[in-house]
Amino acid sequence: MTSPEFIRAVANRYASQLQLCYPLTSASFSLAKTIHSHMVTSGFHPAGHIRNRLIDVYSKSSRIVYARHLFDKIHEPDIVSRTTLVSAYSSSGDIKTARKMFEETPFSIRDTVFYNAMITGYSRNEDGHACIELFRRMLREDFRPDDFTFTTVLGGLALVVNRGMQCKQFHCVVLKSGAGFVTSVLNALVSVYVNCGSVFEARKLFDEIKEKDELSWTTMVTGYVKNDELDAARELVDGTSEKLGVAWNAMISGYVHRGRYEEALDMFRKMYFMGIKMDEFAYTSIISCCAHAALFRLGKQVHCYVLRTEAKPTPGFSLPVNNALVTLYWKCDKVDWARRIFDNMPVKDLVSWNAILSGYVNAGRFDEGRLFFRKMPERNRLTWTVMISGLAQNGFGEEGLKLFNQMKSEGFQPCDYAFAGAITSCAMLGALETGRQLHAQLVRLGLDSSLSAGNALITMYARCGVVEAANVLFLTMPCVDSVSWNAMIAALGQHGHGIQALELFEQMLGAGISPDRITFLTILSACSHAGLVKEGQYYFNSMHRLYGITPGEDHYVRLVDLLCRAGKFLEAKDVISSMPFEPGAAVWEALLAGCRTHGNVDLGTQAAERLIELMPQHDGSYVLLSNMYATAGRWNDAANARKLMRDRGVRKEPGCSWVEVENKVHVFLVDDTVHPEVQAIYNYLNKLVPEMRRLGYVPDTKFVLQDIESDHKERVLSAHSEKLAVAFALLKLPSGATVRVFKNLRICGDCHNAFKFMSKVVGREIIVRDAKRFHHFRDCECSCGDYW
DNA sequence: CTAGGGTTAG
């Protein structure tokens, strides 16, 4: 019954059954387990070759516990089982246990393969030094390295090389050992040269390889891509008929990273028509390409194609494909679709979390974004950067700065993008000192050549009133893009240098940079602040004719603003009626603001009607209307507008103004309740009135004072807290001191005039920040150039 | 029993 022949026959059957586990798939483990338990129940003891097979399958299916269990039952484990286990431990990241098992193995049974396995372990765990050290020890202990050894050690070397010298030394060792003709070794050597940036040497070696295999080609092509020589890589790819799927994938992702989306797509198409196998790597890159290039329709087509052709049973798409899809969908404003993909992913990693977080932050959905941020199982530098720059760009300056500091205290070194976010926060808050400190830190870290940080700095300096610093930065930045030009043009425009802004725009054209829609928004604002009506109209008309940019509603709003500020209401009306779309609230608001400034009640009332119709719950609609009546001296109408607002249950948006005097900060809350300090301010302004009159100042601001004298003074006071804040500060100031006023809402024409007036009357500088820009009043002049 | 190339987030 249990004759040796019979046992041998059974063993052979098990051996051939186990062979079915190869090549390894996700099903291999359960198959091996079934065969294994069959052996146990039928009383067959797996030993020798069969036992080692089982250990191997268990190890490679990441079931080390099973493998170890079998291993421990062996009385004297042979070198093959030991090699398998060393390899299993190191590939699971447990390099310590691997090393322990390595050291416990007696010298007498060790062989080259055993050393190779341990060296590979270090290579997989990215410890190049340990690879080389073990290689040296292997030589000392008289084991002969083979092709595998060289290939692996070279792989480890590639991790740590930073000079060509080391490459050359190893090159010599390889040649001396006689392995210089083995393609796999030469491939690894090429890869080492590539990794230390010696592409030229790599290419020389590559050309010397007699029998180039697919890997030789791939290594060389990807080597060019890694060293940013995409054209050389392409030349190599085009020069061979080999179907180098991996190399094509590397090239596509290289093109995507460099922003060469057209070429990436072109290769993808060629790949399809040439019948090169497309895998998840290709899909991932091309979906990411579509997301970056805003080719959403194509992206969705690829998604469908992948669904149709590659749908796998359980795990769905691979992790990176899903991650790229999440990005694709939020970029085309489908955050909820992105969320659905995210939720359905069987496995998520940090990249997935960062992708969905960016989606929410970029869509301005901060409540959900914050929730995600808190829930994340782990965070990295990018996570923080996404939050910081998102918060900054959406007006949460304080929170952005807080997060920036938190990021540092949690041990993350901020990258230039994070700095850009923090600097943008400073720009919003008018925190010039903090901004300067950040600039200094950038220089210390050697990050000051960064484009994004530089652009943020230009805006920060400009918004904080230091145009000169912005200009110096713009001129000294190592490279600039259209964002930099836009920022600098805006900087000049915001400070009333309308003509210089236009000159810079012309320079930009001369430098071959094409303007975008932001450029024209900036130009129109610059003209508006400086009263350059003709120029503004000219550029508005040229944007479609010369640059093919169709004006959006935001451009029309600025044109209306430009005309209205100059009192050209007929033209403004013409513009509104000639608009290709229904004018929205912003257009009417601009018109109303102009009417307020010029006291054009007839047109203003019409504008206000439309505005209130469109935004009945928007406090600004009523405040503008009431201020317009006030400007025209129609106090009852002004009061009625306020009453209408209250009757409709609209609260004036609570804001907050604060005054900083000699390190002391006074805060004024602005809402429908009257601040207790108001009475003191009121008294002071009453003292100021005769002084104003005595100086013969007949200000546009007269209504401010009349407001206060009117029956509605309390409500009006709360609406004009900025003026009051300044007055209050001046009241308590030692003479000659500078006053800073910060306001988190946009400064209005009334406030502007009031500050002008105050600076003249009291002979002091007044610095005001609002959400949009910086005002520096001195002797009635305002640095922002706004003319009202 | 051991090795080598490509993927995703601002």
Side-chain angles (χ1 to χ4, degrees), chain A residues 49 52-53 55-56 59-60 78-88 90-91 111-121 123-124 131 146-156 158 182-192 194 213-223 225-226 244-254 256 279-288 291-292 317-328 330-331 349-359 361-362 380-390 415-418 420-421 452:
Chain A
H49 169 241
N52 285 347
R53 266 273 175 265
I55 294 178
D56 189 45
S59 294
K60 295 211 178 103
D78 63 2
I79 194 64
V80 173
S81 57
R82 295 181 114 108
T83 307
T84 308
L85 233 64
V86 163
S87 176
S90 68
S91 60
D111 62 4
T112 298
V113 176
F114 186 61
Y115 276 85
N116 289 351
M118 193 62 225
I119 294 174
T120 303
S123 178
R124 267 202 289 250
C131 281
D146 64 0
D147 306 350
F148 270 97
T149 321
F150 281 118
T151 320
T152 314
V153 172
L154 286 168
V182 182
T183 302
S184 69
V185 175
L186 291 176
N187 289 345
L189 204 51
V190 169
S191 158
V192 173
V194 156
D213 59 8
E214 194 189 320
L215 197 71
S216 321
W217 287 95
T218 307
T219 309
M220 195 60 235
V221 173
T222 56
V225 174
K226 276 183 200 155
L244 307 166
V246 174
W248 282 62
N249 287 342
M251 286 228 59
I252 290 174
S253 86
V256 175
D279 55 10
E280 56 189 50
F281 292 91
Y283 297 135
T284 308
S285 295
I286 216 65
I287 290 168
S288 153
H292 285 291
F317 298 137
S318 78
L319 186 59
V321 172
N322 276 319
N323 288 341
L325 281 171
V326 169
T327 305
L328 175 77
W330 77 248
K331 285 227 175 177
D349 66 356
L350 185 53
V351 176
S352 333
W353 283 92
N354 282 340
I356 193 72
L357 180 70
S358 316
V361 168
N362 274 285
N380 66 1
R381 204 154 84 158
L382 191 88
T383 318
W384 290 90
T385 311
V386 166
M387 282 302 282
I388 292 166
S389 60
C415 62
D416 57 336
Y417 276 96
S452 52

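The sequence lines fix the lettering, A, B, ..., with proteins before strands; numbering per chain opens at 1. Every heavy atom of this structure was used, including side-chain atoms; hydrogens, water molecules and symmetry mates were not.
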- Does A:Lys60 have any side chain to side chain donor-acceptor pair (under 3.5 Å) partners at least two apart in sequence or in another chain, and if so, which? A:Asp56

- Task: Assign A:Val386 to base, sugar-phosphate, or nothing according to its heavy-atom contacts below 4.0 angstrom with the strands shown.
- Result: sugar-phosphate

- Query: Under 4.0 angstrom, heavy atoms only, what part of the nucleic acid is A:Asp56 near: base, sugar-phosphate, or nothing?
  - Reply: sugar-phosphate

- If you look at every strand shown and take non-hydrogen atoms under 4.0 Å, does A:Ser184 touch a base, only sugar-phosphate, or nothing? base

- Nucleotide range of DNA chain B lying under 4.0 Å from chain A heavy atoms: B:dC1 to B:dG10

- Query: Which is true for A:Trp330 with a 4.0 Å heavy-atom rule: it touches a base, it touches only sugar-phosphate, or it touches nothing?
  - Reply: sugar-phosphate

- Message: Does A:His49 reach a base, just sugar-phosphate, or nothing at all? Heavy atoms under 4.0 Å.
- Response: nothing

- When we call it a touch if two heavy atoms are under 4.0 Å apart, what does A:Arg53 touch: a base, just sugar-phosphate, or nothing? sugar-phosphate

- Query: Using a cut-off of 4.0 Å on non-hydrogen atoms, how would the nucleic acid contact of A:Thr152 be classed: base, sugar-phosphate, or nothing?
  - Reply: sugar-phosphate

- Query: What nucleic acid atoms does A:Thr327 come within less than 4.0 Å of, heavy atoms only: base, sugar-phosphate, or nothing?
  - Reply: sugar-phosphate

- By side-chain contact (heavy atoms from CB on, under 4.5 Å), which residues pair with A:Val225, not counting sequence neighbours? A:Leu230, A:Ala233, A:Met251

- Task: List in chain and number order the residues that pass side-chain contact (heavy atoms from CB on, under 4.5 Å) with A:Asp111, two or more places apart in sequence or in another chain; answer none if no residue qualifies.
- Result: A:Ile79, A:Val113, A:Phe114

- Message: Does A:Asp146 reach a base, just sugar-phosphate, or nothing at all? Heavy atoms under 4.0 Å.
- Response: nothing

- Pairing residues for A:Thr120 by the side-chain contact (heavy atoms from CB on, under 4.5 Å) criterion, not counting sequence neighbours: A:Arg124, A:Thr152

- Message: Just to be sure I understand the rule, does A:Asp213 reach a base, reach only the sugar-phosphate, or reach nothing, if contact means heavy atoms closer than 4.0 Å?
- Response: base

- Message: Donor-acceptor pair, distance only, cut-off 3.5 Å: does the side chain of A:Ser288 make one with the backbone of A:Thr284?
- Response: no

- Note on the structure: Applying side chain to side chain donor-acceptor pair (under 3.5 Å) to A:Asp349 and not counting sequence neighbours gives A:Asn323, A:Ser352

